[in-house]
K.L.:
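Before I ask anything, let me first share the structure, which is written out below as structure tokens.
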Amino acid sequence: MRVEDLEATLRGMAEAARAKLPALAKGNRDAALLAMAQLLQARWQEVLEANREDLKEAEAAGLPKAKLDRLALREKDLMALTEGLRQIAALPDPLGRIEGLSKRPNGLRVGRMRVPLGLIGFVYEARPGATVEAVSVALKAGNAMLLRGGKEAFRSNRALVALWHEALEAAGLPKEAVSLVPTTDREAILALCRLELLDLLIPRGGEELIRLVQREARVPVLAHAKGVNHLYVDERADLSMALRLALNGKTQRPAVCNALEAVLVHEGVAEAFLPLLERAMRERGVELRACPRALPLLKEAVPASEEEWDREYLDLILRVKVVSGLEEALAHIARFGSRHTEAVCTEDPRVAWRFLEEVDASLVLWNASTRFNDGFQLGLGAEIGISTSKLHAYGPMGSLELTTTKWVALGEGQERE
């Protein structure tokens, strides 16, 4: 498709979506979410068939294992997606409520009303589950969506968007609220970046994609950056708990952004903990890359190079570093962390609270796995992404994070003197 034709197509889709925003905000959005849950259950095999075609082509093209894992839809995904839709439908409507209403000396009542952000562009890589999750939280907040998924998932995304159109129409809502960019050309990403009809652009994927969108966009961008996530094992940690948290964080699903990438171990427990960690990780096929202080305590680890401490592996590789204590752990995280997810394992509340207060990340955990940085796990039903920037959301973005506020004033004929 020629660049001029592509830009005209996207502009037409955006104009059609923006025209329907008032009807979308006033309509029965929860009914659309519940209809989508029913359609997924009834037509899941159609979605899986489209996904199998995508996987077959991606495997033939040599797509990396981590991306194949994110591309694949499985039977178990159906339960998670439908449950997420129902949870979001059950949440309070975020729109229309007035917050902070107060009365001025002249009797004028002023406050802030929750309203949709508007039209959201969503650029994401080969993860078709996001076509359900992202749209569901956006619709709940009265937003329209213009989707550009990864080319590897085009068939899967097309099948899911077709179901969204049926769900919207079943609820009496305009199908223009959800649109899929009709081409896999990379130029479509740049065209979206130039589409000033968008109110927000959200990139979700690899570091290269996010940097491209941030560099080229002419509209506000809310970024979901890589997850360089740490677990700090304190000298007063329950070592059996620390081992479980490390295993869950690294091996439960290594190819996701909230997976664990590094373990920092207090020197006081390193000799006891590191052999346990190595044995358990070896059984699960995890390669350890260690700092000079950790290497003598490990049998099969390889040295970690200085330039890889800020790397997101998305694979069965784990960095290990022995630290002198909390101060060194905090300094290491401040230098190499990506503000995504950080965890501490300790029985000392003073250490825990310092960690919770001082670590700059979208989710900081005490005695829990990094894998909990997820909209579904945190009670949002689903997420459109995990914001690692702070304007205007930080962490998993649910329906409330996809609204903004406008000032409203309720008067009785007041005039300014």
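Keep in mind it's a predicted model, so treat the numbers as computed, not measured. Computed over heavy atoms, backbone and side chain alike; hydrogens, waters and symmetry mates excluded.
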K.L.:
Would the number of heavy atoms belonging to other residues, nucleotides or ligands and lying under 6.0 Å from CZ of R211 be above 12?
P.N.:
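At most 12 heavy atoms, drawn from other residues, nucleotides or ligands, come within 6.0 Å of this atom.
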
K.L.:
Run the salt-bridge test on E287 and R282 with the 4.0 Å N-O cut-off and return the result as yes or no.
P.N.:
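Answer for the salt bridge query: no.
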
K.L.:
Which heavy atom of L71 sits nearest to which heavy atom of E152, and what is that distance?
P.N.:
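For L71 and E152, the tightest heavy-atom pair comes out as CD1-O, 3.7 Å.
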
K.L.:
Let me confirm one number: the CZ-CG distance from R148 to L190, rounded to the nearest 0.5 Å.
P.N.:
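It is 9.5 Å, given to the nearest 0.5 Å.
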
K.L.:
Would Q45 and E49 count as a side-chain hydrogen bond (donor to acceptor under 3.5 Å, both in side chains) here? Give the steps.
P.N.:
CA-CA 6 Å; Q45 289 306 314; E49 181 58 36; over 6 Å; no

K.L.:
Where is the tightest heavy-atom contact between A177 and L24, given as atom of each residue plus distance?
P.N.:
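A177 and L24 have their closest heavy atoms at CB-CD2, 3.9 Å.
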
K.L.:
Look up atom CD in E196 and atom CZ in R11, then write down how far apart they are to the nearest 0.5 Å.
P.N.:
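Here the interatomic distance stands at 11.0 Å.
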
K.L.:
Does this structure show an ion pair linking R186 with E208, if we count only N-O contacts that are shorter than 4.0 Å?
P.N.:
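Salt bridge flag = yes for E208 with R186.
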
K.L.:
In terms of relative ring orientation, are H332 and F336 parallel, tilted or perpendicular, with 30° and 60° separating the classes?
P.N.:
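Plane angle between 30° and 60°, so tilted.
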
K.L.:
Please find the pair of heavy atoms, one from A246 and one from L277, that lie closest to each other, and give the distance.
P.N.:
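Looking at all heavy atoms of both residues, the shortest contact is CB-CD1, 3.8 Å.
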
K.L.:
Counting only heavy atoms not in F372, do more than 12 sit closer than 6.0 Å to its CZ atom?
P.N.:
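No, not enclosed.
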
K.L.:
Near W353 CH2, under 6.0 Å, is it more than 12 heavy atoms from other residues, nucleotides or ligands?
P.N.:
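No, the 6.0 Å shell around CH2 holds no more than 12 heavy atoms from other groups.
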
K.L.:
Could you check M397 against E383 for side-chain contact (heavy atoms from CB on, under 4.5 Å), going step by step and ending with a plain yes or no?
P.N.:
CA-CA 5 Å; M397 295 178 289; E383 67 191 37; 5.6 Å; no

K.L.:
Assess the side chains of T131 and N157: does a donor N or O sit below 3.5 Å from an acceptor N or O?
P.N.:
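Judged by distance alone, the side chains do pair up.
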
K.L.:
Answer yes or no: is there a donor N or O on one side and an acceptor on the other, between the side chain of K250 and the main chain of A262, under 3.5 Å?
P.N.:
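The answer is no, because no donor-acceptor pair under 3.5 Å joins these two groups.
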
K.L.:
Taking the basic N atoms (NZ, or NE/NH1/NH2) and the acidic carboxylate oxygens, is any pair closer than 4.0 Å for D348 and R354?
P.N.:
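No, no charged N to carboxylate O under 4.0 Å.
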
K.L.:
Does NZ belonging to K151 count more than 12 external heavy atoms closer than 6.0 Å?
P.N.:
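Incorrect, the count does not exceed 12.
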
K.L.:
R236 and V351: side-chain contact (heavy atoms from CB on, under 4.5 Å), yes or no, with the steps?
P.N.:
CA-CA 9 Å; R236 289 190 58 190; V351 169; over 6 Å; no

K.L.:
Would you say CD of E4 has more than 12 non-hydrogen atoms from neighbouring residues, nucleotides or ligands within 6.0 angstrom?
P.N.:
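Correct, the count exceeds 12.
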
K.L.:
Could you pull out the closest heavy-atom pair between L180 and G149, with the gap in Å?
P.N.:
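Where L180 meets G149 most closely, the heavy atoms are CD1-N, 4.4 Å.
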
K.L.:
Is there a side-chain contact between P396 and D374, using heavy atoms and a 4.5 Å cut-off?
P.N.:
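Counting from C-beta outward, P396 and D374 never come under 4.5 Å.
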
K.L.:
One thing to verify: whether E99 and R97 come together as a salt bridge, which I'm taking to mean a side-chain N less than 4.0 angstrom from a carboxylate O.
P.N.:
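E99 and R97: salt-bridged.
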
K.L.:
Salt bridge check: are R194 and E7 linked by an N-O gap of less than 4.0 Å?
P.N.:
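Salt bridge present between R194 and E7.
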
K.L.:
When you look at N248 and Q252, which way does the side-chain contact (heavy atoms from CB on, under 4.5 Å) test go after all the steps?
P.N.:
CA-CA 5 Å; N248 184 255; Q252 198 244 0; 3.8 Å; yes

K.L.:
Hey, what do you get for CG (L6) to CG (D185), rounding to the nearest 0.5 Å?
P.N.:
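Here the rounded value is 7.0 Å.
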
K.L.:
Roughly how far apart are Q41 CD and M79 CE, rounded to 0.5 Å?
P.N.:
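Reported to 0.5 Å precision, the distance equals 9.0 Å.
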
K.L.:
Using modelled atom types only, decide if a donor and an acceptor are shared between the side chain of K321 and the backbone of C291 within a distance under 3.5 Å.
P.N.:
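Answer holds: no.
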
K.L.:
Restricting to non-hydrogen atoms, name the atom on L201 and the atom on L198 that form the minimum distance, rounded to 0.1 Å.
P.N.:
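Looking at all heavy atoms of both residues, the closest pair is CD1-CD1, 4.0 Å.
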
K.L.:
So, K67 side chain and E125 main chain: donor-acceptor pair closer than 3.5 Å or not?
P.N.:
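No; zero donor-acceptor contacts below 3.5 Å.
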
K.L.:
Can a side-chain donor-acceptor contact be found between T346 and Y232 if the only test is distance below 3.5 angstrom?
P.N.:
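Short answer, no.
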
K.L.:
Between K140 and D30, does any NZ, NE, NH1 or NH2 come within less than 4.0 Å of an OD or OE carboxylate oxygen?
P.N.:
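Yes, this pair counts.
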
K.L.:
Where is the tightest heavy-atom contact between A188 and L10, given as atom of each residue plus distance?
P.N.:
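Closest approach of A188 to L10: O-CD1, 4.2 Å.
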
K.L.:
Who passes ring pair (Phe, Tyr, Trp, His ring centres under 6.0 Å) against H340, sequence neighbours left out?
P.N.:
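By the ring pair (Phe, Tyr, Trp, His ring centres under 6.0 Å) rule, H340 matches H224.
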
K.L.:
Less than 4.0 angstrom from a charged side-chain N to a carboxylate O is my criterion; do R18 and E15 meet it?
P.N.:
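Judged by the 4.0 Å cut-off on N to carboxylate O distance, R18 and E15 do not form a salt bridge.
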
K.L.:
If we check salt bridge (charged side-chain N to carboxylate O under 4.0 Å, His left out) with D54, which of these qualifies: R127, R155, R158?
P.N.:
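Single salt bridge (charged side-chain N to carboxylate O under 4.0 Å, His left out) partner of D54 among R127, R155, R158: R155.
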
K.L.:
Let me confirm one number: the CH2-CD distance from W309 to E261, rounded to the nearest 0.5 Å.
P.N.:
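Nearest 0.5 Å value for the CH2-CD distance: 12.0 Å.
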
K.L.:
Under a 4.0 Å N-O cut-off, is there an ion pair linking R74 with D69?
P.N.:
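Yes, charged N to carboxylate O under 4.0 Å.
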
